[in-house]
Chemist: 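Structure incoming, see below.
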Amino acid sequence: MADVVERTVGAAGRSGSPAPSAMLRRLVRATTDTAGRGFTFWRRSIQARVVVSTVLLSAIVVGVVGWFLLQQTRDGLVDARVRTVVAEAGNETNDAETRLAAVPGTDDDVSRQLAQLVEPIILRGQSRGFDVVLSGPVDDEPTNLAAGGTRYSPGLELTSVPDRLVGHFDSSSSTAWTFTTIDHADGASEPGVVVGSRVQLPADRSFYTLYYVFPMQQERETMALVARAMLTAGILLLVLVAGLTWLVTRQVVSPVRLARRVAERLAAGQLEERMRVRGDDDIARLATSFNQMASSLQRQIRQLEELSRVQRRFTSDVSHELRTPLTTVRMAGDVLHDARDSFDPVTARASELLQSELDRFEGLLTDLLEISRFDAGAAVLDLDDVNLTDIAHRVVDMTRGLAEQRSTSVEVRATSEPCLAEADGRRVERIVRNLVSNAIDHAESGGIVVHVAGDEHAAAIAVRDHGVGLAPGEAALVFNRFWRADPARARTSGGTGLGLSIALEDTHLHGGWLQAWGLPGQGAQFRLTLPRRAGGVLRQSPLPLVPEDSEGSTP
C-alpha cells in the first residue's frame, strides 16, 4: 500500500505543476528581462539619473546630519541625566549622614541603625523611581554584594550594580558612578546609572556603601521618539527633494525630448516639423535656433532635390533624345561595317572602330536610362525562384570569349544541389555579368573563380580574381559612378563605368549586400548576398568576404 501511495504521489508530481528547474529558469529569465529593461531605462533617461543621484546624495547628507544630531541629543540627555542623578544621590547621602549624626551616642544597635539608614531611602526611591543597595561593612577583603548582609530595594537584582563600581570602593571612598543595565526579579531589564557613596555607621564606626540605581528608560524613550521623528522628517525631506528634482529636471529635459522627437521627424522626411517656442529664456532661444536650422536645412534639401530632379530629368531626356540619332548612325554604321571588305584597309579599320564605338555608346545610353529609372524610383522586380548556380554557369559561358582574349580562365565552384533564391533573374544575371567582366578586366591573366553557396536564410555568389587588387579605401569607392582606380587603364570589355553602380542598385532593390575586398598584388573579391525569400533580412553571408587564400588577412 505504501508503494502504491508513493507511486501515485510521484506521478502527480510529474503531471502537476512545472518542475522546479523550469520555474527557476522562468524566474531567472523574468529577473534578467526586468533588470535589462531597468538598465535600458536608466541608460536612456537623464531625468531618472539626475533624480536618483540627487536623492542618494541627499540621503547621505541627511544621514550624516541626522546621525550627528542624534549623537548630540543623546549626549545632552545622558549628561543632563547623570548630573541630576549624581546630585540626587549626593542629597540622599547627605540626608542619611544627617540622620545618623542625630542618633544618640548610647544607641549601639547596628541593625536598627542600618534600618534607619536604608529604609527611608528605599521608600523615597520607590516614590521617586530609583532603587537602593546597601553593602558593607567595609573590611580588608574585596566586597561581594552576594555574600550576605546586603540590603536592597524589593524586585531589584544585585547584578544591576556592576562589579567595576563595586571594586572601585575597595580602594577608594570617593563618590563614583557608571552606566549599567538594571535587572529586575520579573526578568525585565532597562538601561540605568548607578551612583555609589560611602557612609559611616555610628554604632560600629564601620563604613558602608550606598548604591543608587537610577533608570534611564525615559531618556531611551525620548531618544527613540527623536529618532523616529528625524527618520520621518528625513524620508519626507527625501521625497520632497525627489519631487523638486523631478520637476526641475522635467523643465529642462522636456524641451530636449521634444527636440529629439522633432529631429527624428525631420530625419524621417517631415521637413515641416518645428519646435514650439514659449517665453524668452535659454530653452526658448534654443528652440528658435533649432527652428531656424530646420528651416535652413529644409531650403537646402529642397534645392538639392530640385537640382537632383533636374539632373535626372536632363539625363533621361538626353538619353531618350540620343536614341533617334543613334539609330540613324547605327544603320549607317551597319551598312559600312557590312561593306568593309570592299574598302581599302584604312577605311575598313575605320568602319570596325566605328561599329565598336557605336556598341559602346549604345551600352552607355542603356546604362544611363537604367540609372535614371533607379533615381526616379521606377525600377521594379520581376520575382521568381532562380538558381544562382545556373546563372553563374550562364554568365561564365557568355564571357568565355572575352576571358580567352585576356588569357584568363573562369571557373565555377558550387555544390551539386541548386542554390535557389526568390529574385529577379534578369537583374541578378546582370549583376554577376558585371562582376565577372570587371574581374576579367583586372585579372592580369590570372585565374578567376566564381563561388556559389547558400544556407537556410541567404544565397551568395563571390567572384575572386588574382589581379592588381584594390588599394586601402578603394573597396568603398568601386561602386561609385564612373569611378576608376587607374584612369589610364584601358577597358578591354568596353565598359561604361556604370556597371558596378547599376549592380549595387540592383542588389539594394533585392534587399541584399554587394561588397568588395582587395589588396594590392593579391587580387580582389566581390560578394553578392541575397535573401532566400523576398523581403527577408540578412544577418550573415554563406561565403566569406575575405578569401581563404589571401595572405595576412582575416575575414
Side-chain angles (χ1 to χ4, degrees), residues 26-84 179 189-193 215-267 273-294:
R26 283 198 294 269
L27 179 61
V28 171
R29 189 182 305 113
T31 304
T32 304
D33 294 342
T34 303
R37 287 192 294 268
F39 177 75
T40 301
F41 175 75
W42 170 264
R43 183 170 53 87
R44 293 182 177 179
S45 177
I46 187 174
Q47 186 175 9
R49 293 200 298 272
V50 171
V51 171
V52 172
S53 301
T54 304
V55 170
L56 288 178
L57 292 176
S58 301
I60 294 174
V61 173
V62 170
V64 172
V65 172
W67 176 83
F68 178 76
L69 292 178
L70 284 176
Q71 292 296 319
Q72 294 296 314
T73 303
R74 182 184 65 83
D75 293 343
L77 289 175
V78 170
D79 291 344
R81 181 59 173 167
V82 168
R83 287 194 299 270
T84 301
F179 296 109
S189 61
E190 57 182 334
V193 178
M216 298 185 68
Q217 183 65 26
Q218 183 177 359
E219 284 72 18
R220 183 168 68 174
E221 293 176 355
T222 302
M223 284 298 301
L225 178 62
V226 172
R228 287 194 299 270
M230 295 188 66
L231 178 61
T232 303
I235 293 175
L236 294 178
L237 179 61
L238 292 179
V239 172
L240 180 61
V241 168
L244 291 176
T245 306
W246 183 81
L247 289 176
V248 172
T249 54
R250 180 180 176 83
Q251 294 178 1
V252 178
V253 172
S254 295
V256 176
R257 291 175 177 172
L258 177 60
R260 175 182 59 82
R261 289 193 291 267
V262 173
E264 290 174 351
R265 295 191 186 101
L266 289 173
E273 286 290 330
R274 296 293 184 271
M275 290 185 63
R276 183 178 301 176
V277 180
R278 296 177 180 176
D280 297 320
D281 56 6
D282 293 335
I283 298 297
R285 290 198 295 271
L286 174 62
T288 301
S289 301
F290 186 92
N291 292 338
Q292 292 174 353
M293 179 190 67

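Count residues from 1 along the sequence.
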Chemist: Measure the OG1-CG distance between Thr245 and Leu240 for me, rounded to the nearest 0.5 Å.
Modeler: 9.0 Å

Chemist: Are Met216 and Val193 side-chain neighbours, meaning at least one heavy-atom pair lies under 4.5 Å?
Modeler: yes

Chemist: Measure across Met275 and Asn291 and return the closest heavy-atom pair with its distance rounded to 0.1 Å.
Modeler: N-OD1, 2.7 Å

Chemist: Taking atom CG of Leu225 and atom CD of Gln218, what is their separation to the nearest 0.5 Å?
Modeler: 11.5 Å

Chemist: Can you check whether Arg81 reaches Pro215 side chain to side chain, under 4.5 Å on heavy atoms?
Modeler: yes

Chemist: Grab the two heavy atoms, one from Ala284 and one from Val277, that are nearest each other, plus how far apart they are.
Modeler: O-CG1, 3.8 Å

Chemist: Hey, are the side chains of Leu266 and Arg274 touching, using non-hydrogen atoms and a 4.5 Å cut-off?
Modeler: yes

Chemist: Table please: side-chain donor-acceptor pairs of residues 55-63 below 3.5 Å, with sequence neighbours left out.
Modeler:
unit_1	atom_1	unit_2	atom_2	d
Ser58	OG	Thr54	O	2.7

Chemist: Just checking Arg250: does its CZ atom have more than 12 heavy atoms from other residues, nucleotides or ligands closer to it than 6.0 angstrom?
Modeler: no

Chemist: Is atom CD of Gln217 surrounded by more than 12 heavy atoms (other residues, nucleotides or ligands) closer than 6.0 Å?
Modeler: yes

Chemist: In Å and rounded to the nearest 0.5 Å, what is the CZ to CD distance from Arg261 to Glu264?
Modeler: 8.5 Å

Chemist: Taking side chain as C-beta onward, heavy atoms only, is Arg74 less than 4.5 Å from Leu77?
Modeler: no

Chemist: Tell me, do Leu231 and Ile235 make a side-chain contact under 4.5 Å, heavy atoms counted?
Modeler: yes

Chemist: So which atom in Arg276 and which in Leu258 form the shortest heavy-atom distance, rounded to 0.1 Å?
Modeler: N-CD2, 4.3 Å

